[in-house]
Structure formats: structure tokens, C-alpha cells
Number of protein chains: 2
Amino acid sequence: MQVRSNMIPFPLNGTRQAQGACADCGVKSRAVCAGLAPEETGILTTIMSTVTLAPNQLLFEQGDLRSRAYTLTSGMLRLSVSLPDGRRQIAGFVTPGDYLGLSGEDVHTQAAEAVTACRLCSFPVPEMNRLMEQHPRLRDRLHELTRKALLEARGNLLMLGRLTPNEKLARFLLGLSDRAVENGQPATPLALPMTRTDIADYLGLTIETVSRSFSALKTRGLIQLADAHRVEICDRPGLTALAGLPV
Amino acid sequence: MQVRSNMIPFPLNGTRQAQGACADCGVKSRAVCAGLAPEETGILTTIMSTVTLAPNQLLFEQGDLRSRAYTLTSGMLRLSVSLPDGRRQIAGFVTPGDYLGLSGEDVHTQAAEAVTACRLCSFPVPEMNRLMEQHPRLRDRLHELTRKALLEARGNLLMLGRLTPNEKLARFLLGLSDRAVENGQPATPLALPMTRTDIADYLGLTIETVSRSFSALKTRGLIQLADAHRVEICDRPGLTALAGLPV
DNA sequence: TCGTCGCCTTGATCACGATCAATCCGACAC
DNA sequence: GTGTCGGATTGATCGTGATCAAGGCGACGA
């Protein structure tokens, strides 16, 4: 168990009505909005506000009432579940275009915190539900995203239950790299904005083991570290093979 | 890694047109069908056939094309993902009323095998998709089941990543007990139709550790074992506390 | 410039769960 | 009855990843 770093459980500091709207949004091809008609995104705009978060700021906590749904437009969040004794599991890292609120419970079952500075679109849940009823495409899109999230979560079960530390780290890096590509960034070098503690809590390891696994992948010539938060993937096939993933 | 028991990868031996239909179905209150109008279940019946599986018989394999969706009406299945070297992770046990096909991919990402003798309703995927478009309640019901599955999978991430063997087993037993209650059976004694190998692959442990954890829970007076496949939960609050679950 | 503070890495040791191995037990065949 | 076989339990030992500990490194402020 590690001591958590300075969380900032303050109310959101940057909520305001949306203005610039969705026309020039960088994630509109991947977010909920993808495939919506212009007038539908227009309607989304009417119920939308934007939120900004500073690094480590809390968006919501386990047990909070869920009153809003979100789309991340820039930055990175972590979703985590914690036990009373401090053990923590990070269920996933949220990257631009991802939607928060797919599981649709009344009360949040996980916490969401900013890894880096974040910008989000925020929608009131009741209005969102109403819109879903009126706009089949929006509803279908959310269903589709839910299915994808389910696939990802199930994939992570194998990772947590049966992979070795090196295999876990290889999978983690490849997953991040794929996401970077989806977001129009190069596959390598790869930014790792989260701390080693975050990575450890995502992979079910300790920070020391994560650090040693980074060193092991370096020694094998699979990756290079410019600094702790910047990875170059030198041998993608090798990394893929280590992760036990199909070519 | 353990050697797998006698799998039977034969074609299904009991596929036939449905006849008795849904009227006297024991799971209609929990399955996809729940909340559908009588004429809607009638339409489901027209595209449905039934399947029976013998213990350890394969319903589908990782990588198979997904041509049908299923509802389990009796028995128990395991969903598993395997690595080429034989390591296996069981993503979940399927109990009556559960639906197979929520994640909606074209190709199965996991295998489904019978733990006990099973009976299922089977629906062709294209027809099912067509019905979903025409019948909002069916579509909403599937979306709802997908959300529930997502919540369950995410809950299991914490279990696999951060719980000790005893805690894992406590959670597993409580989860099974809750499901038994949902299916109208007593919370205890609890039937454990799966083998220790299955439990181990579900919890990310070895069979020996599972067996030792059973013994540990017995010693603590939390459970009793009539035989290896029949558990009495003696101290539910104690078990819940050990599992780290809210009272 | 130096000192502090987070965070990361590396080394030494420990301990928990894996592995190896022996036995047990019930089911089934003969 | 006896023998075999699959699965579960229990014991002994091993090894990987956790824990404990020290040091490094970069950012920031005095």
C-alpha cells in the first residue's frame, strides 16, 4: 500500500456554460457525438457545460450521487476503486473522446481524478436520458461505447489474473500506444503522464516491481526511456509477443 | 498452469426448434425477455431454438464467428480467455437468466463451456439485431444487461488486482450466494458445481491455494463444507467483512 | 548555491502464493 | 471385494513479487 499524493477534493473550479460549441472539437470523431447529425450535436450543446480540472483534482468520488455525465476532450483521468485500508485498483485511464457514465448507476462505483490538466464536456444525467430516448443515434452510440468498455474490462481480467509483471507492463504500453494513435498522435514516443504509483495500481503491482519491469524491458531492448514519463517503443513486435497479443 | 480436463469440442448435440415456448420458462423474470410484452416474446419464439449441452461441452471457442446469441435457462457455463501457453482466466460463470452476446463482437473473444448440463435458448444474431431495432424494450433490456455486466467486470478488476486469496474466495462465495438467491434458491447451503481448477482460474490463483483458502475459511468458522461442492455459509457478516464489501 | 520535496530506481531481504509431491476420497468398473 | 482414475487436500520447498531501505534525480524556493 502506498500513500496517495496530494488529492484536491475541492469543488470544480471551472464550470461554465459552453460557448464555442462542438464545431471545432478535436474529439468529435471518437466521442459520443460521432455520427450524430449536426442538429443533434446542437441539442447536446444546449444542455452542455464545460469543466476544467487541475492535475490530481477530483471529478467525483466513490459513493457520490451521479448527476452528470462527461466526455473528456483533453487531458487524462484515472478511474479507481479503493478499499477502506487504502488498497486501490485503477480500472482504467480515460483519454480524449471517452465517455464517463456508461455503466449508468445512480451512485458512482469508482472515483475519477485528473492525471493531467483536463477539459470535459458535462451533461446533466436526466437531460441526457431524455435525449437518448428522442435520438436513437445517441442511444445506439452509448450502447456501442458500453459494449467496447465491457470488452476492455474483460480483457483486463486476464491481464490482472494471469500475466507476469513484464507481460502486464508490455500490454499496458501497447494499449496506451494504440490509444495515442486513435487520438492522432504517433505510436512512439509515448507520453506516460501518470505516476508509477498509478501504473502499479492499474497493473496490480507495487511501484518497485513496475520500475523493475521498465528496466527489464529496457534491458531486453524493447523500449527506451527518455525520462520516467516518456517511452520509446523500439521493438513493437517483441513487445507484442511478450504481451501475449496476436500479431 | 494446470492440465485441462476432458473438453468435448464436438458440434452441439441437442439443437432443435423451440416448441414449448416461453410461457412456462423459469427465468423469464430475469432474462432478456423480462418486461417484454407477450407478443414480443412471441416474436422471439419464432426465431429461437433450444440447445442442450453436456458437462464440459463447448458452446463456442475463442475466435469462432459469432452467429448466435443465447440465454441460459438452466445449468451453468464458464466464460474463459486463454493464452497459447495454457494459462486461463475465467471471466465469469453464467447462471440461468444470463445472456451471452452482450459485447456484440463479430468474433468470440472468449470461450463458453458447460460446467453442468445446460439448456439454452439460441437466437440468430442478424434476426436478433433486427428485432432490437423494431422493439425498443428488447434493445433497452440488452443495454441494461450490458451495463450490469460492465459493472460486474469492473468490480472483478479490484478483486483480481488487490485482494488476498482468502478475500477473493470470500467474495466469490458471496457472489454465488447472491446469484442463487436471485434464482430463487436459498442463500445457503450453496452448490459449487465447478471444479477447484475453475475457481482458481476465476480468482487468479492455483488450485492448491484455493483449497487452502477453503480450509482457512472453515477454520475461521465462516463456512462449512459438506463435500467439495457444497458449502454452508455459517457467518455471512464475517464473510462479508473479510471480502471487504459493504454490509 | 544549497536544501527540500516528490518521485523514481536499485539493492537486500522477506513472505506469500506457486510449485512439487504425497495422500486421500469417492465414483466406477470388474 | 480390488484396482483405477479424477479431483481435492495437505505438506514441503521454492521463487517471484512485496517489503524495507538507501540513494539518485529534477523541480522549485530561499
Side-chain angles (χ1 to χ4, degrees), chain A residues 1-8 54-56 78 85-89 115-116 159-170 172 191-219 223-231, chain B residues 1-8 55-56 78 85-89 115-116 159-170 172-173 191-219 223-231:
Chain A
M1 187 196 341
Q2 282 94 34
V3 175
R4 303 286 157 239
S5 58
N6 38 317
M7 297 298 159
I8 311 173
N56 290 321
R78 57 178 168 258
D85 65 9
R87 281 178 289 176
R88 187 178 71 151
Q89 177 66 43
V115 173
T116 65
M159 183 196 77
L160 284 170
R162 289 302 184 203
L163 296 193
T164 65
N166 289 351
E167 291 168 342
K168 286 177 175 182
L169 185 59
F172 169 68
L192 297 179
M194 70 290 290
T195 65
R196 293 293 188 261
T197 301
D198 286 339
I199 299 176
D201 285 345
Y202 179 70
L203 301 179
L205 302 168
T206 60
I207 52 169
E208 294 93 336
T209 300
V210 169
S211 192
R212 281 184 242 273
S213 288
F214 270 111
S215 302
L217 299 194
K218 264 196 297 187
T219 305
I223 63 167
Q224 262 179 292
L225 285 178
D227 66 286
H229 296 279
R230 194 134 206 101
V231 197
Chain B
M1 189 198 337
Q2 281 95 33
V3 175
R4 302 289 158 238
S5 58
N6 40 317
M7 296 300 158
I8 311 175
N56 290 320
R78 55 179 170 258
D85 65 8
R87 281 177 289 176
R88 186 178 72 151
Q89 177 66 44
V115 173
T116 65
M159 182 195 77
L160 284 170
R162 289 303 184 203
L163 296 193
T164 65
N166 289 351
E167 291 167 342
K168 286 177 174 181
L169 184 59
F172 169 68
L173 293 175
L192 298 179
M194 69 291 289
T195 64
R196 295 292 188 261
T197 301
D198 286 339
I199 299 176
D201 285 346
Y202 179 70
L203 301 178
L205 301 169
T206 60
I207 51 168
E208 294 91 337
T209 300
V210 168
S211 192
R212 280 184 242 274
S213 288
F214 269 110
S215 301
L217 299 195
K218 265 195 296 184
T219 305
I223 62 168
Q224 262 179 292
L225 285 178
D227 66 287
H229 296 281
R230 194 132 205 104
V231 196

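The figures here come from the full heavy-atom set of this structure, side chains too, leaving out hydrogens, waters and symmetry mates. Labels below follow one simple rule: chain letters A, B, ... track the order of the sequence lines, proteins then strands, and each chain is numbered from 1.
- Residue T195(B) has no polar side-chain atom (N or O) positioned under 4.0 Å from OP1 or OP2 of dG6(D).
- Atom CD of E167(B) is separated from atom P of dG17(C) by 9 Å (rounded to the nearest Å).
- Remark: P of dG17(D) and CD1 of I199(A) are 17 Å apart, rounded to the nearest angstrom.
- Atom CZ of R212(B) is separated from atom P of dA21(C) by 15 Å (rounded to the nearest Å).
- Taking atom NZ on K168(A) and atom C1' on dA18(D), their separation rounds to 12 Å, with Å as the unit.
- For T197(A), no side-chain nitrogen or oxygen approaches OP1 or OP2 of dC7(C) to under 4.0 Å.
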Checklist line | Residues D198(A), R88(A); criterion side-chain contact (heavy atoms from CB on, under 4.5 Å); working and verdict | finding: CA-CA 9 Å; D198(A) 286 339; R88(A) 187 178 71 151; 2.8 Å; yes

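- Each of K168(A), R212(A), R196(A) was scored for a side-chain contact (heavy atoms from CB on, under 4.5 Å) with L205(A), with one residue passing: K168(A).
- Note on S211(B): a side-chain N or O is less than 4.0 Å away from OP1 or OP2 of dT9(D).
- Within the 4.0 Å cut-off from OP1 or OP2 of dT9(C), at least one side-chain nitrogen or oxygen of R196(A) is found.
- Rounded to whole angstrom, the span from the CZ atom of R230(B) across to the P atom of dC25(C) amounts to 21 Å.
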Next item on the list: Kindly indicate, with the supporting measurements, whether the criterion side-chain contact (heavy atoms from CB on, under 4.5 Å) is fulfilled by R162(A) and D201(B).
Entry: CA-CA 8 Å; R162(A) 289 302 184 203; D201(B) 285 346; 2.7 Å; yes

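- For the pair N56(A) CG and dG6(C) C1', the interatomic distance rounds to 12 Å; values are reported in whole Å.
- A donor-acceptor contact under 3.5 Å is formed by the side chain of E208(B) with the base of dC20(C).
- The side chain of P165(A) lies closest to dG17(D), out of dG17(D), dT10(D), dC8(C).
- The nearest whole Å value for the distance from the CZ atom in R87(B) to the P atom in dT19(C) is 10 Å.
- If you measure from atom CG of L205(B) to atom C1' of dA18(C), you get 10 Å, rounded to the nearest angstrom.
- A sub-4.0 Å separation between OP1 or OP2 of dG7(D) and a side-chain N or O of H229(B) is absent.
- Across all strands shown, L203(A) has no heavy atoms under 4.0 Å from either base or sugar-phosphate atoms.
- F214(B) places a side-chain heavy atom less than 4.5 Å from the side chain of L192(B).
- Applying the 4.0 Å criterion to OP1 and OP2 of dG17(D), one finds that T209(A) has every side-chain N and O outside that range.
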Next item on the list: Just do the side-chain contact (heavy atoms from CB on, under 4.5 Å) check on Q89(A) and L160(B) with the steps written out, would you?
Entry: CA-CA 9 Å; Q89(A) 177 66 43; L160(B) 284 170; over 6 Å; no

